[in-house]
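Below: one structure, written as C-alpha cells.
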Amino acid sequence: MNQKFLAIYLLFLSQFQLFGDAKANQILWSTISPSGTYAIARSESDSASKDDDKAATNGDLAAKFSIVNIQTQEPVLGFSGFKAADFAPLGLGDSLIHSFCAWAPQEDHLLIVDALHPSACLQVDVPDGRVSEVGSTVAAAATRIANARTIRETDHSAHPTHFSITDAHFISSYECYVTVNIDSSSGSGAPVDLYFQVNAGGNSLVFERSEPYPDPGQPIGASILAGRQVEHLYQTLRGVLDEPNRRVLTMEQQSWLGARETLSNYEDRVVFAQTRIAELKQKLQEQLQKK
C-alpha cells in the first residue's frame, strides 16, 4: 500500500470508525473479532458534556469503551484508559497506530494494547466479564530480556530500557505472544517475541519464554512474517465488510490456511503469502472505494 493511499485510507476510515455508527455504539471496526461477533465500541454513555466528548473524540482525553456484540448492539463489558483516535484502522506495523487488540481464536480472551505505552496493556476475559491490567507483567518480561541482553553483550550492568509493542497474537486461549521492540540506553535494540501463558482463573499473564524475532532474511522467518501480515490484512478487511461477506471471507481464510499447510517448502509459503497479500490489499481498496 503506497503512502499516499495509506494517508487517505487512515483519514477516511478513522472518521468512519468514530462517527459511522452515530445512532448506536460507535464501533471501531479495526478491533472486530475473528467471527465478526464482537468489537470495541465507544460507549454511548461517554458523552457527559459536548466539550468532553469532542476532546475525547479528538484523542485529547481517555474515553470510555465497551466490548459490544455487533449483532445485538449490546455491551458485554466496559473499560477505559485509551483514546478513541489511537485505534488506527490499518492494523499493526504503522507508526501512526497507537492502540490495537488481539483476539483469541475462540473469542474468549483478548489483549488491548497501547503500543507506545505498554504499561496500559489490558487483558479481557469475555465470558467472565473481567478486565485486568497486565502491562506491568509485559514490561517486567521485556526489561528482564533487555537487561540480560545488555549484560551479555557489554559485560556491564543493566541499563534503563524503553520498549514499544509492535504485534500481539493468541496462539490459543491459553497462550499468546507479544512482539516488543526493545531500545535500551546502551544502544542495543532489537525486537523479540515474548510468550505468555494465559491464567484464565486469575485473568492474568504469566511469562513463559522469549523467542528471537523471525529473521526476514531466512525462508522460515520470512514465511512467519508474511503469514502474520496476511492475518492482519484479513482482520482489517473483515472490519469493513458486511455480515454475509464477512462470513465468506472467514471461510476463504480457513481455506487459505489449509492450502498453505500443504506446502513444505518455506520459500513456496512466502510466495503463496505474498500473492494473498496482494489480493487482500486489492479487495480492501475496492471496499474502501464503495464507502
Side-chain angles (χ1 to χ4, degrees), residues 31 33-34 67 77 79 81-82 91-93 97-216 220-221 224-225 227-228 231-232 235:
T31 66
S33 65
I67 309 296
L77 54 87
F79 67 94
F82 286 74
L92 308 178
I97 294 165
H98 296 167
S99 302
F100 60 88
C101 70
W103 285 91
Q106 301 303 318
E107 302 182 348
D108 49 353
H109 291 86
L110 75 151
L111 289 176
I112 305 173
V113 177
D114 183 331
L116 302 182
H117 302 91
S119 60
C121 185
L122 302 176
Q123 183 189 314
V124 180
D125 185 325
V126 177
D128 289 347
R130 294 184 295 183
V131 180
S132 297
E133 297 180 359
V134 294
S136 60
T137 301
V138 177
T143 301
R144 182 190 309 175
I145 299 303
N147 288 344
R149 177 188 296 170
T150 301
I151 293 173
R152 182 174 61 253
E153 293 178 356
T154 65
D155 196 29
H156 291 88
S157 60
H159 296 268
T161 301
H162 303 283
F163 68 96
S164 59
I165 299 177
T166 60
D167 198 0
H169 178 72
F170 275 86
I171 300 171
S172 69
S173 294
Y174 307 103
E175 185 178 21
C176 66
Y177 73 77
V178 175
T179 301
V180 299
N181 190 47
I182 298 174
D183 180 18
S184 68
S185 60
S186 67
S188 58
V192 62
D193 288 337
L194 305 179
Y195 286 78
F196 297 88
Q197 288 290 328
V198 179
N199 183 345
N203 196 33
S204 62
L205 299 181
V206 178
F207 179 61
E208 183 183 39
R209 70 185 189 279
S210 66
E211 296 286 350
Y213 186 71
D215 183 355
I220 185 171
I224 292 172
L225 294 176
R228 292 180 182 181
E231 180 180 348
H232 296 323
Q235 175 76 4

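FYI, side chains are in, hydrogens and waters are out, and symmetry mates aren't considered; it's all heavy atoms of this structure.
- In plain terms, the two heavy atoms of Leu77 and Asp125 that are nearest each other are CD2-O, 4.0 Å.
- Between atom OG of residue Ser204 and atom CD of residue Gln197 there is a gap of 11.0 Å, rounded to the nearest 0.5 Å.
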* Go through the steps to decide whether Arg130 and Val124 satisfy the test side-chain contact (heavy atoms from CB on, under 4.5 Å), and finish with yes or no. => CA-CA 6 Å; Arg130 294 184 295 183; Val124 180; over 6 Å; no
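- Once rounded to the nearest 0.5 Å, the distance linking CD1 of Ile165 with CG of Asp114 reads 8.5 Å.
- Between the side chain of Trp103 and the backbone N or O of Phe170 there is no donor-acceptor pair closer than 3.5 Å.
- Side-chain contact check for Cys121 versus Thr137: every heavy-atom pair is 4.5 Å or farther apart.
- How far CD of Glu231 is from NE2 of His169: 4.5 Å, rounded to the nearest 0.5 Å.
- The minimum heavy-atom distance between Ser210 and Val192, with the atom names listed, is CB-CG2, 4.1 Å.
- Heavy atoms only, all atoms of each residue included: Ser164 and Pro118 are closest at CA-CG, 4.2 Å.
- Proximity of His109 to Cys176: side-chain heavy atoms (C-beta onward) are nowhere separated by under 4.5 Å.
- Put simply, CD1 on Ile112 and CZ on Phe79 are 3.5 Å apart, with the number rounded to the nearest 0.5 Å.
- Taking both residues in full, the closest heavy atoms of Gln123 and Leu205 are given as OE1-CD2, 2.9 Å, listed atom of the first, atom of the second, then distance.
- The closest side-chain heavy-atom distance from Glu211 to Tyr177 is not below 4.5 Å.
- In this structure, Ser132 contributes its side chain and Val134 its backbone to no donor-acceptor pair below 3.5 Å.
- Here the straight-line distance linking atom CG of Asp193 with atom CZ of Arg209 works out to 9.5 Å at 0.5 Å rounding.
- Taking CG of Leu111 as the start and CZ of Phe196 as the end, the distance is 9.0 Å to the nearest 0.5 Å.
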* To do: Let me see the working for Ser173 and Gln106 under side-chain hydrogen bond (donor to acceptor under 3.5 Å, both in side chains), right down to the final yes or no.
  => CA-CA 7 Å; Ser173 294; Gln106 301 303 318; 6.0 Å; no
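- Side chains of Val180 and Thr166 form no contact here, defined as non-hydrogen atoms less than 4.5 Å apart.
- Among all heavy-atom pairs drawn from Ala104 and Ser172, the shortest one is CB-O, 4.4 Å.
- Nearest heavy atom pair, residue Leu194 against residue Val138, reads CD1-O, 4.2 Å.
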